[in-house]
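Some notes on the structure that comes next.
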Amino acid sequence: MADTIVSPKPLETTTPPGAEVVLSVQGVSKTYTNGTKALRDVSFDVRRGEFVVVIGPSGSGKSTLMRSLNRLVDVTSGAVLVDGESLTKAGGARLRAVRRRVAMVFQHANLVGRLTVLQNVLHGRLGHMGTLAGMFGRYTEADKQTAVDLLREIELGEHMYNRAAELSGGQKQRVGIARAIIQDPSVLLCDEPIASLDPSVSKVIMDMIFQMATSRNITAIVNLHQIDVALRYATRIIGMHKGEIVFDGPPADLTAETIERIYDTPVGELMIGEELRGER
Amino acid sequence: MADTIVSPKPLETTTPPGAEVVLSVQGVSKTYTNGTKALRDVSFDVRRGEFVVVIGPSGSGKSTLMRSLNRLVDVTSGAVLVDGESLTKAGGARLRAVRRRVAMVFQHANLVGRLTVLQNVLHGRLGHMGTLAGMFGRYTEADKQTAVDLLREIELGEHMYNRAAELSGGQKQRVGIARAIIQDPSVLLCDEPIASLDPSVSKVIMDMIFQMATSRNITAIVNLHQIDVALRYATRIIGMHKGEIVFDGPPADLTAETIERIYDTPVGELMIGEELRGER
Amino acid sequence: MSADTLARPQAPAARIPLVSGQERRFFTAALAVIVGATALTTWITGFNPLAALAGMPSALGFVAADYLPPTVNNGGLLARALVETVALALTSTLVASALAFLAALIGCRAVSPLPWAAPIVRGFATLVRNIPDLVWAVILFTAMGFGFHVGFAALTLGTFGFLTRAFIESMDEVSADTTETLAAVGASFPQRVMQSIVPSFTKDFIAWFLYCIEVSIRGATIVGMLGGGGVGMLLNGELGLARWRPRAMGTILILAVLVIAVDLLTSYLRTKLLNPSAARSAADRSESALVVRRGRIAVTQRGRDREVNLFLLCALALSLAAFWPIRDASWGRLLTDFPHLSRTLFELASLDFSAWDRTWTSFLDTMGIAVLSTVYSAILALLIAPFATRNLVRNPVGPALITSVATLIRTIPNPVLVMMAIAPFGLGVTPGIIGLTLSSTAFFVRVFVQGYEDVPDETIEALQATGAGRVQVFLSAMLPASRSHMVAWIGMRFEMNFMGSAILGMVGAGGVGGVINEAVRGRQFGVAGVAILLVFVFAFALELTMAKVKRTYIR
Amino acid sequence: ADTPSGAQSLRIGYLPQDETPHFAAARQGLATDLAAATGLEVSEYHVADMSALVEAMRHGHVDMAIVGAMGVVQAYQVADSFPLVAMQQEEGPLHSDIIVRADSGIHTIADLMALDAPSIAFVDHISTTGTLLPAIGIMEAFPERDLDFDDILHGDVFSTVVFAGGHPNVAQAVIQGDAVAGGIAHRQTAVELERLGLSEDYLRVIHRSEPVMGATMVASSSLDADLIEVLRDFLVGFDNEDYFYGMWGNRSARFFDTEIGEFADLFVIDEMLG
Ligand SMILES: Nc1ncnc2c1ncn2[C@@H]1O[C@H](COP(=O)(O)OP(=O)(O)OP(=O)(O)O)[C@@H](O)[C@H]1O
Ligand SMILES: Nc1ncnc2c1ncn2[C@@H]1O[C@H](COP(=O)(O)OP(=O)(O)OP(=O)(O)O)[C@@H](O)[C@H]1O
Ligand SMILES: [Mg+2]
Ligand SMILES: [Mg+2]
């Protein structure tokens, strides 16, 4: 059994400093119309191949950050650059083109329940198609074949023609990942992809995200609540607290004090693995 | 900080064999109308003061078991005895009287969102009231005072008059616990009380359940997905697999093999703390 | 939390309140408004609920003496009229729902490609919706002549206004998440519509479509009474002479059978189509190999949505076929006569306040009818509905019985109910109040039952688990949990009753509708314009108030 | 009148009139003068529908009402009421017409019936001048066909029958072409033509009935006999021109004494209705 217990992480936990910057967040702030300051002057760069995990308590702005990275929320100030191109200013067709390079996996997968699994995966190709073809679901045979292969790879081949609404939570999430991957993105955003999944399913999903991202050299940014999971996969951890980044570094640097600062709670009061409780 | 890292568990992890049996499950099976066999001949006794955690993969019958303990589902065969009284045969007023001794905490708290926190807590008293008084929400001042005190104890005093729907997930769960406790039960059932809560909140909730149960000498039975959490609180663990009990014993006896048997998955494939991965 | 609410429990002698001061004040205020409005309108109209209750037995006696035994005079004629009325309902619902879908796409802020146009679409829908269908019918009949084409236009307009709002609300709910997801993928607006909104929305679309068919059959009957033809026209003739009443009853009963059949069929379709059985989907799982048709990979399984698609196809075919019985209508004139409409609207807009006094007193009567019928029917339904709720009553016979009586009452056109009430209760507002109370009680029973049955099982279980009895569970969980649903329906029905009472005047029960009818017949459009404006302003203010109350207090 | 004989109050019912420019104020003229003359408290009800009004009279909710000729028959038959006074206009008695558009090339009922798809507009099912008399005109034009009302109103004599709900609406239906012909009270045609700004000869009359009784005040038999005489005298002598202008657009109209015998023809028609 010992051979199954391998850390999924590549040996070098820091990214080659030479890799190019894929995503650049520059002084981003977001104040919602009700006055909530969800992000306060957040800046960081992400390079190709990094696997970044964002942690932080509820309401610290993790989701808001994610959603500003593909402009599902418009930031109040600052700029987001994807592959050097500004997302903040793009509009219409250019916005669509940038968005297609940033894929997103949501907490509840957000599939269209009445469509088949295959159709849901193929939605990932819409950004690459002409409007008319996309409207009527006239996907190319090549795209369809890719989708079928991808579904087989994630072991959902036999559920291809099921309605998405009929799947279990973990299966839905796998479809969500396939939809993101078929988009052929540079950046993969995942917002709490394993919240409320059971431990065996969580493992499958995290492994899948990790494996898909590394094998395709996609940069991943993942929001998580589980610190131990974060430590197991991340090449870099960003800790948020009240809309600000209070930690940004390799997992090895995440001390108990830092965790306390992020969660504003003594470590003893957190439901985390024993190994994090003392000094590391 | 070291002083915060105390195990919440009392030192003796096995229950005094002399304590009386509070709950007795005798050969219970449950087949749903669609043919699913959710429980197959399940038997066990629980004594006063035990803190039992039930673990098992999705669909193994944990929720069904819980719900047959207060007859929210009718078992197909077998018997459940609470304080020696058969739940299976009781009807009408007697069923209500037995139910009042078995309180339940649900995964999503299941509060009536439109009522105030105080009203939701007081629902726990309905089983103790005459129908007429209960009908018009005429709770006694003593009950109301108890509810207020309980809410202060769980630090929700200032949310007393908030609508339940306005609370966060963790706060809702605390109200659900208060509603169960005010019922003055012999047995407290909790069905995945911390699924989808963040780690700091999970800790608060589990501590609260543990503290409420031990301080009032209430027997607790808790369904959990997190094995590490189970190990931290349980005085006894029951492992289920496909409707059957495949493990029943003190946490110390839960080996990696047992875990594999319960989850039907190599330990390496489970998202659980590192300390469980090797032989214990 | 303000300090005063916290302070109270600490005072030893004081009773501990269960709700906050703010909420208590809101409920006190709401109760005061309702009691005040009831008292005021009782005073204005002189309606005596006890006398009404006491008069009920003799009312039934009169109805029995005049209307029974039901007879059918001319079966072929009746059959043709029924077909025409159903055809009118089907075609107008089809066209209105297609237009409303397009309008909702623009008007729904979450998905609109033209956010700036959203308020305009909503505004137009509001304008259309807040003028009763029958007023539209009268305006259109006057401007564009008579016949099915005008009845069609009036019904389509009314349904359009209603459906646009309903669709916008559904779209806000069902597709926000997935539409956003497709936006994140880089999909364009038309792609989002076809790939996310349309599939997610099918369910609600079908539900609303079926609901509107039912409502439109009633609407088509009443529009028919005014000049639209069909069974309403026939009924109007049969009500003309006292000795023809049994014929009218025969027609009503056959209409009731038809509506109940449509009702049963639609609720069967609703459950069948909208909640496909678990057994079926489990069976589907086995047939899962890759399907390649003519060298192309299939993205759906053939027959996957067979039932829903079949339904949509049948509905479309039937609605199109429904143009056949009314094919002789002068459809072309809808276009050629359209300019006449602008002249009539212009004449209406040349407001004439010379009959203001009478308009105002009639308006107060209308208000009285609306307020009192809503209050009394809500009270009646609150008492009746629990006995028709399947998760409360063990024996299914009671609920079934209550539901079918309610459906029968809802079938009888309001004007006919009012006519029946004239004999025992005399003229004026009393028969109007009684007629509307009856029909809205039937309505409330249905929606309250739906609300109770929709309360999540988990909530009910949580209460059962505390040892609470059935009555306690009902009062502590189901009633509060469905409160906002009930308040929303009561508000909506008040709007409907207000417009309904405005309409009643047009067929014989006084109120502001009488002024409109009389003025239009006397070709005094300016006077009618004032009355319509009054109705619109009030209905619109009511809608805004209800929306605000819902947003602020009834989350 | 709570106790009909010892009446303290008098309740008058009105139907909507199709030619009423100033109806509300005008009616008040009668109520005020009548109250002053009799010392009774006079209240008015406005009822939009003849059968509802007759229903109200039948059950004692209304003491007097102004109705059309067919309404008199109904009130007599079912509501135990009788005609008190009828309205006469100076320019002569009331007729019922069948009208067509002047440019239609139709001059007689026979022309109309010779069309491929003859169509007609009526007021409603039981209007004397707007439905029944025109229908009788058609029956009499084809005695050999032995038609009855059902054939004309619902049968296949016409390819389309429009019930327009009011006299002006009938004129409008003919003008707009909803129906080729229309049945209408004869003085109504001009009113609608004037509103639409059309010349008087835009429409042609192809059939005109014998004179009929116009608007008639009926009274309940349960009223005190002395009171009935007081009322009759008052109404016959009533000369408030504003009232007559308001109600019928004619200052010189007046009420005249009438009795049930003058409605004999209408009872025959009622018989024919089945
Ligand atoms: N649409 C919105 N309008 C107003 N405020 C919002 C909106 N969305 C989020 N917020 C607020 O912004 C803050 C950050 O929220 P966000 O969802 O980004 O946090 P999070 O870290 O993702 O939390 P969680 O762990 O609960 O998902 C919170 O205070 C939240 O209440
Ligand atoms: N009401 C029901 N009708 C039919 N089958 C049911 C019903 N409830 C549960 N089941 C089935 O019974 C089995 C046991 O379900 P149960 O909910 O008890 O499992 P569980 O261990 O609580 O799972 P989870 O961890 O997902 O909550 C499953 O196969 C489930 O599909
Ligand atoms: Mg979040
Ligand atoms: Mg469960």
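By convention in this document, chain letters (A, B, ...) are assigned in the order of the sequence lines, proteins followed by strands, and residues within each chain are numbered from 1.
- Within 6.0 Å of atom CD in Q211(B), more than 12 heavy atoms from other residues, nucleotides or ligands are found, so the atom counts as buried in its surroundings.
- At distances below 3.5 Å, at least one donor-acceptor pair connects side-chain atoms of N110(B) with backbone N or O atoms of E458(C).
- Atoms OG1 and NE2, from T459(C) and H123(B) in turn, are 10.5 Å apart once rounded to the nearest 0.5 Å.
- Within a 6.0 Å sphere centred on CZ of F27(C), heavy atoms belonging to other residues, nucleotides or ligands number more than 12.
- Residue G467(C) comes nearest to R99(B) through the heavy atom pair CA-CB, 3.9 Å, listed as atom of the first residue, atom of the second, then distance.
- If you take CG on L115(B) and CZ on R483(C), they are separated by 6.0 Å, rounding to the nearest 0.5 Å.
- Residue with the most contacts toward chain C among Q119(B), Q183(B), R71(B), R125(B): Q183(B) (heavy-atom pairs, distance under 4.5 Å).
- Contact count against chain C (heavy-atom pairs under 4.5 Å) is highest for K144(B) among R179(B), K144(B), R100(B).
- Scanning all heavy atoms of the two residues, the minimum distance from V112(B) to S476(C) falls at CG2-O, 4.1 Å.
- The two residues M129(B) and Q472(C) make their nearest non-hydrogen contact at O-NE2, 3.7 Å.
- Only the backbone of L111(B) comes within contact range of chain C, with at least one heavy atom under 4.5 Å from a heavy atom of that chain.
- Looking at every heavy atom in both residues, T466(C) comes nearest to G124(B) through CG2-CA, 4.1 Å.
- Between chain C and the residues L118(B), N120(B), L189(B), the largest count of heavy-atom pairs under 4.5 Å involves L118(B).
- The two residues A465(C) and F106(B) come nearest to each other via the heavy atoms CB-CZ, 4.3 Å.
- In this structure, M104(B) and E461(C) have side chains that are not in contact, with every pair of non-hydrogen atoms separated by 4.5 Å or more.
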